[in-house]
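Below, chain A is the first sequence line, B the second, and so on; all start at residue 1. For the numbers below, each heavy atom of this structure counts, side chains included, while hydrogens, waters and symmetry mates do not.
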There are 2 protein chains.
Amino acid sequence: MARPAYRWPKVPEMTIHRLSVYTRCLRELEEDGVTTISSQELAERFNLNSAQVRKDLTYFGEFGVRGIGYYVTRLRGELQKILGLDREWPVALVGFGNLGAALFHHKGFSRQGFKIVVIFDEDPAKTGREVEGTPILGMQNVGRELRARGIQIGVVAVPAEGAQAVADQLVAGGVKAILNFAPTRLRVRRDVRLQSVDLSIEFETLSFYLTRLGR
Amino acid sequence: MARPAYRWPKVPEMTIHRLSVYTRCLRELEEDGVTTISSQELAERFNLNSAQVRKDLTYFGEFGVRGIGYYVTRLRGELQKILGLDREWPVALVGFGNLGAALFHHKGFSRQGFKIVVIFDEDPAKTGREVEGTPILGMQNVGRELRARGIQIGVVAVPAEGAQAVADQLVAGGVKAILNFAPTRLRVRRDVRLQSVDLSIEFETLSFYLTRLGR
DNA sequence: TAGATTGTTAATCGATTAACAATC
DNA sequence: TAGATTGTTAATCGATTAACAATC
């Protein structure tokens, strides 16, 4: 008899975001030799409310000690486990143009466990070789190559026009999470996590606030 | 007598974001020759509620016609004006490494009025020349160069360690809006708009959801 | 024990949505 | 006029915050 699926409490999107921010901060504190920190101190670093910090954490367990605060090393470890940063994630990058290449060469992700292990590009002039040991392949056997490597994360760095087709191929190949840099809305199955970074929208937001400044 | 400053109704952050999304959609509709669209139709394209679309718009005025909907061209024009996309914004890019260079070569922003007109980098090997007519300068006279060009938008594409110093120089040079790509929290005066794109956090969010999938 | 800080409940705030009178 | 759709109000929902008993 299948046990009824356990319902996770639904964690606000913003809580995950902050968890990630806390983790980075805790790493720095640890380097500086700080051993404990209170929710109050942590909150002040990010202009947050201390209750919010505590609430964010209690979605996942009780990590603090009353009268003391949180042990930095312990909490960092717990948060990394919650965020899935205690393992390595192989990543597929699609599109090796300006942005794709920049993301590839950008160290810092691999440091944190996200490693681009294969690159796809439709341009034959770019495929068939390796960059720093990572193969650049054509788009013919995306599914097979993804599966062979057990890849669950795909990064879309192609122009808007091709992005939906690329996303479809990634999903068909078993990818469960997509980071999209194309300035277009993608549609994916509901069990695939889609995260979009839309630089046009970022610029337009700045423009909006600038326009209002003068008034 | 100085008139008391008019209080703009505070517009939710998410509304601005959606305005930007609507604008892009309206441009496409216009290209396709669509002349009118209802809040319902617009909402369906983004899995939103039609009341939300209407509410987003009414923060800024009445743009619709009862019984008809919105005239696509008219609405696109109004939204572009609201977002400040009816003018050109000169932009300064700081950091000409992988990411900085990718952003520079990424057309698509200039198409929308955001034009990188000067690049700063602290590496003397990179400075003193031009790329596609855009000068790459050292960090010695950031303020003077920014002012000379009337630049209000700065893009920070340097490593985390140097980011705060760069932001300070930009602000000192009169920049009123910063787009930050360094994975660190920056502090700026309250009258400066700071927008951060943190790719580490994007990856960690994906990782979080992937970790939960199995459970 | 006295002081500090957590985990949690209840109050507050703000954003989303349903509903509908106004009106094209 | 009948039908459609807006602009807007009021209800709902969810996230943030204040407050405090529990406890180190």
Side-chain angles (χ1 to χ4, degrees), chain A residues 7-22 25-26 29 34-79 82 201 205 208-209, chain B residues 7-22 25-26 29 34-79 82 201 205 208-209:
Chain A
R7 297 282 299 152
W8 287 78
K10 53 176 179 350
V11 181
E13 198 95 349
M14 284 303 290
T15 292
I16 308 309
H17 194 272
R18 286 191 296 263
L19 243 44
S20 192
V21 171
Y22 301 155
C25 180
L26 290 165
L29 287 169
V34 179
T35 56
T36 67
I37 189 164
S38 69
S39 57
Q40 179 60 41
E41 291 170 295
L42 201 47
E44 272 165 13
R45 293 178 181 247
F46 306 106
N47 287 87
L48 298 175
N49 183 292
S50 70
Q52 185 161 71
V53 172
R54 296 198 297 278
K55 190 154 231 288
D56 282 342
L57 298 177
T58 51
Y59 281 108
F60 302 98
E62 305 196 359
F63 306 123
V65 183
R66 283 158 211 246
I68 303 286
Y70 301 88
Y71 288 104
V72 172
T73 303
R74 155 102 200 281
L75 185 57
R76 183 199 40 72
E78 296 282 4
L79 293 186
I82 290 164
I201 292 181
T205 303
F208 170 80
Y209 286 101
Chain B
R7 295 282 299 153
W8 288 78
K10 58 178 176 347
V11 181
E13 198 95 350
M14 282 307 286
T15 291
I16 308 309
H17 195 272
R18 285 190 296 262
L19 244 45
S20 192
V21 171
Y22 301 155
C25 180
L26 291 164
L29 287 169
V34 179
T35 57
T36 67
I37 189 164
S38 68
S39 58
Q40 179 60 43
E41 291 170 296
L42 201 49
E44 273 165 12
R45 294 178 180 247
F46 306 107
N47 287 88
L48 299 175
N49 183 293
S50 70
Q52 185 161 70
V53 172
R54 296 197 298 279
K55 190 153 230 290
D56 283 341
L57 298 176
T58 51
Y59 281 108
F60 303 97
E62 304 195 0
F63 306 122
V65 184
R66 284 159 210 245
I68 303 286
Y70 301 87
Y71 289 104
V72 172
T73 304
R74 155 102 200 281
L75 186 56
R76 183 200 37 76
E78 295 283 5
L79 293 187
I82 291 164
I201 291 181
T205 304
F208 171 79
Y209 285 101

* Asked: Watson-Crick or G-U wobble partner for C/dA11, using a 3.5 Å limit on both distances?
  -> D/dT16
* **Complementary nucleotide of D/dC24, counting Watson-Crick and G-U pairs under 3.5 Å** => C/dG3
Using whole Å, report how far [atom1] of [X] lies from [atom2] of [N].
X	N	atom1	atom2	result
B/Gln40	D/dA4	CD	C1'	12 Å
B/Tyr59	C/dA15	OH	P	6 Å
B/Glu41	D/dA4	CD	P	13 Å
A/Lys10	D/dA15	NZ	P	6 Å
B/Glu62	D/dT8	CD	C1'	10 Å
B/Ile37	D/dT6	CD1	C1'	15 Å
B/Met14	D/dA15	CE	P	13 Å
A/Ile68	D/dC24	CD1	P	11 Å

* Non-hydrogen atoms of A/Phe63 and A/Leu57 that approach each other most closely -> CE1-O, 3.6 Å
Closest to the [X] side chain: [options]?
X	options	value
B/Thr58	D/dA18, C/dT16, D/dT8	D/dT8
B/Gln52	D/dA18, C/dA19, C/dT16	C/dT16
B/Val65	D/dT17, C/dT17, C/dC24	C/dC24

* To do: Check if the side chain of B/Arg66 and the base of C/dT23 share a donor-acceptor pair of N or O atoms closer than 3.5 Å.
  => no
Is the phosphate of [N] approached by [X] (side-chain N or O, under 4.0 Å from OP1 or OP2)?
X	N	answer
A/Tyr70	C/dA4	no
A/Arg54	C/dT6	yes
B/Ser39	D/dT6	yes

* Decide, yes or no, whether a salt bridge links B/Glu78 with B/Arg74 under the criterion of side-chain N to carboxylate O below 4.0 Å. => yes
* **Over 12 foreign heavy atoms within 6.0 Å of OH, A/Tyr71** => no
* Do the ring planes of A/Tyr22 and A/Phe46 sit parallel (below 30°), tilted (30 to 60°) or perpendicular (above 60°)? -> tilted
* Structure fact -> Heavy-atom nearest nucleotide on DNA chain D taken for B/Gly67 and for A/Glu13; more 5' hit belongs to B/Gly67
* Among A/Arg54, A/Gln52, A/Glu44, side chain to side chain donor-acceptor pair (under 3.5 Å) partner for A/Ser39 -> A/Arg54
